[in-house]
Protein chains: 2
Amino acid sequence: METKNPITVVIIEDDETIRNGFTYLINATENYKVLNSYSNVEDALLHLVNDKPQVILLDIELPGIKGIEAIPKIKHILPKTYILMLTVYDNEDNVFNALTKGASGYLTKSDNTEKIIDAIQEVVDGGAPMSMNIAKIVIKSFHKNQNSPLTKRETEILEQIANGKSRSKIAKQMFIDLETVKSHIKNIYIKLNVHSREDAIKEAKNNKYI
Amino acid sequence: METKNPITVVIIEDDETIRNGFTYLINATENYKVLNSYSNVEDALLHLVNDKPQVILLDIELPGIKGIEAIPKIKHILPKTYILMLTVYDNEDNVFNALTKGASGYLTKSDNTEKIIDAIQEVVDGGAPMSMNIAKIVIKSFHKNQNSPLTKRETEILEQIANGKSRSKIAKQMFIDLETVKSHIKNIYIKLNVHSREDAIKEAKNNKYI
DNA sequence: CAAAAAATCCCCCATAACGGGGTATACATC
DNA sequence: GATGTATACCCCGTTATGGGGGATTTTTTG
């Protein structure tokens with residue numbers, strides 16, 4: 001182990017105790033260095049360009065910009081940085097969203113130091129570290145959308161519908177035309193053999209398409 | 001352990017493999033006896049009066065009458081029987097509904113035999129056995145509707161809206177008039193300071209009202 | 001019991017949203 | 001060259017929605 005080129009880390013976590021604890025523990029480990037730590041995404045985004053860390057530990061539950069929303073923003077300015085999510089609750093949606101948005105791995109805050117260091121190392125080695133229970137969720141999630149008759153886009157739209165969004169809202173949000181949304185919805189209905197938003201949601205949920 | 005007065009159990013579960021598996025495993029345990037097992041609630045209701053089990057293992061996902069709907073019916077004819085719900089998915093709504101309707105505990109189907117036997121014993125001893133992750137959901141649910149500005153009825157209706165149901169569907173399902181639903185929705189919007197279904201859902205989810 | 005809160009039901013109105021019918025283009029995969 | 005996907009546009013009639021007024025009854029609570 002050489003101390004000349006330590007693995008550089010930035011921590012984004014609003015809880016001061018956890019933030020300082022992690023900073024201390026990682027810095028105490030040979031070959032790992034915490035460049036900076038921030039309590040919110042906004043601050044972090046301002047300084048990350050200078051920090052240029054190899055790995056970011058990113059809390060999911062943050063005030064202001066949430067951890068998951070932060071992923072694309074961080075990836076935009078630092079495309080090569082690995083992001084490890086920190087979470088207390090292993091919520092399925094969060095896990096899956098974060099991974100699809102570009103997070104490399106997942107850690108629960110109760111994981112011990114050794115695990116966290118291992119995870120950082122693993123991620124710079126190209127791995128995808130995550131807690132066991134999180135891995136289970138991911139597997140379940142992958143099982144989910146597997147044999148769905150819906151395309152990616154259709155699934156996205158159905159999820160918006162399940163959130164109570166109108167066609168026009170969906171269109172605006174996805175930067176596509178209202179008519180395109182209509183087309184997709186028509187196809188969703190045909191594929192699911194339903195004739196209403198309600199039935200589509202029900203059918204999709206029953207079959208774990210969403 | 002005396003074998004003269006075994007704890008009597010009835011299983012209601014549509015999957016034959018699980019049904020027979022549980023029956024076998026419970027009968028193989030000293031002091032526990034499965035009186036009967038049924039693949040649906042309708043059959044069970046016809047024979048439960050004769051069975052008079054102390055404990056019923058009740059699947060949530062049943063054809064015909066769903067497990068949760070069955071709880072009050074079972075409680076009606078056998079008020080002293082303890083009901084343990086069996087589930088594969090630890091869905092928050094289901095868990096909470098079942099418990100408020102009179103279920104005593106909750107088990108995931110992946111729980112091992114020992115856990116299930118323990119749960120049966122615990123429930124006849126007056127406990128409320130449930131898997132750890134289910135317990136978490138219950139705690140969350142209790143935290144949830146605490147300081148909600150919405151009334152019970154309004155919350156019910158908002159939940160229906162969040163499931164994509166139209167006013168008229170909600171009205172039919174809740175056996176109330178369309179106009180009543182409209183009134184409730186109007187009040188929901190005022191209380192949440194929103195002007196659309198979408199925003200109401202978002203606001204309610206953010207504040208854990210639903 | 002009396003007052004307050006919650007739940008129920010009724011009317012009107014204009015607008016927005018919906019579901020269904022077709023058609024068409026660009027693009028990638030196969 | 002056929003298929004699948006994502007995109008966009010047209011038409012149509014029907015339904016649902018949100019907001020504005022009430023009113024009544026049941027339930028809860030002080």
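The chains referred to below are lettered A, B, ... by the order of the sequence lines, with proteins before strands, and numbering in each begins at 1.
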Practice task
Compare the minimum distances between each of dA17(C), dG20(C), dG18(D) and the side chain of Tyr189(A), then state the nucleotide with the smallest one.
Solution key: dG20(C)
Practice task
Classify the nucleic acid contact of Arg153(A) as base, sugar-phosphate or nothing, counting any heavy atom under 4.0 Å across all strands shown.
Solution key: sugar-phosphate
Problem - Base dG21(C) to side chain Lys182(A), donor-acceptor N/O within 3.5 Å cut-off - result: no
Fill in the blank from the handout: Result for 5'-nearest mapping on DNA chain C, choosing between Val181(B) and Lys169(A), is Val181(B)
Handout entry: Nearest-neighbour nucleotide for the Glu179(B) side chain, dT17(D), dC10(C), dG20(C) considered
Key = dC10(C)
Exercise for the section: Check the distance between dG19(C)'s P and Glu198(A)'s CD and give it to me in whole angstrom. Expected result: 11 Å
Practice task
Please report how far the helix from dC1(C)-dG30(D) to dC30(C)-dG1(D) bends, comparing the axis fitted to its first five pairs with the axis fitted to its last five, to the nearest 10 degrees.
Solution key: 70°
Fill in the blank from the handout: dist Ile157(B):CD1 -> Ile170(B):CD1 (nearest 0.5 Å) comes out at 6.5 Å
Handout entry: Between dA6(C) (P) and Ile185(B) (CD1): distance, integer Å
Key = 18 Å
Practice task
Grab the CZ-C1' distance between Arg167(B) and dG19(D) for me, whole Å please.
Solution key: 9 Å
Exercise for the section: Looking at every strand, decide which applies to Ser183(B) at a 4.0 Å heavy-atom threshold: base, sugar-phosphate, or nothing. Expected result: base
Exercise for the section: From the options dA6(D), dC18(C), dC10(C), select the nucleotide whose nearest atom is closest to the side chain of His184(A). Expected result: dA6(D)
Practice task
Please determine if a side-chain N or O atom of Ser196(B) lies less than 4.0 Å away from the OP1 or OP2 oxygen of dG18(D).
Solution key: no
Exercise for the section: Evaluate the side-chain proximity of Tyr38(B) to Val10(B): yes if any heavy-atom separation is below 4.5 Å, no if none is. Expected result: yes
Practice task
Drop me the distance from Asn40(A)'s CG to Leu45(A)'s CG, to the nearest 0.5 angstrom.
Solution key: 9.0 Å
Handout entry: Short side-chain N/O contact from Ser168(A) to OP1 or OP2 of dA16(C), under 4.0 Å
Key = no
Handout entry: Atom-pair distance (CD1 on Ile201(B); C1' on dT17(D)), nearest Å
Key = 14 Å
Handout entry: Validation row: Lys169(A), Gln160(A) side chains within 4.5 angstrom (heavy atoms)
Key = no
Exercise for the section: Supply the atom-to-atom distance Leu57(B) CG to Arg19(B) CZ, rounded to the nearest 0.5 angstrom. Expected result: 13.0 Å
Exercise for the section: Determine the contact category for Thr180(A): base if any of its heavy atoms lies under 4.0 Å from a base atom, sugar-phosphate if only primed atoms, P, OP1 or OP2 are that close, otherwise nothing. Expected result: base
Problem - Beyond-backbone contact of Leu86(B) with Ile116(B), side-chain heavy atoms, under 4.5 angstrom - result: no
Exercise for the section: Enter the distance from Ser183(B):OG to Leu178(B):CG here, rounded to the nearest 0.5 Å. Expected result: 10.0 Å
Exercise for the section: Go through the N and O atoms of the side chain of Arg197(A) and the base of dG19(C), and report whether any donor-acceptor pair is under 3.5 Å. Expected result: no
Practice task
With the side chain of Lys152(B) defined as its heavy atoms from C-beta on, choose the nearest nucleotide among dC10(C), dG18(D), dA7(C).
Solution key: dA7(C)
Practice task
Confirm from the modelled atom types if Lys186(A) and dG21(C) form a donor-acceptor pair under 3.5 Å, side chain to base only.
Solution key: yes
Fill in the blank from the handout: Side-chain contact check for Asp177(B): nearest option of dA8(D), dC10(C), dG18(D) is dC10(C)
Problem - Spacing of CD1 belonging to Ile71(B) relative to CD1 belonging to Ile56(B), to within rounding of 0.5 Å - result: 10.0 Å
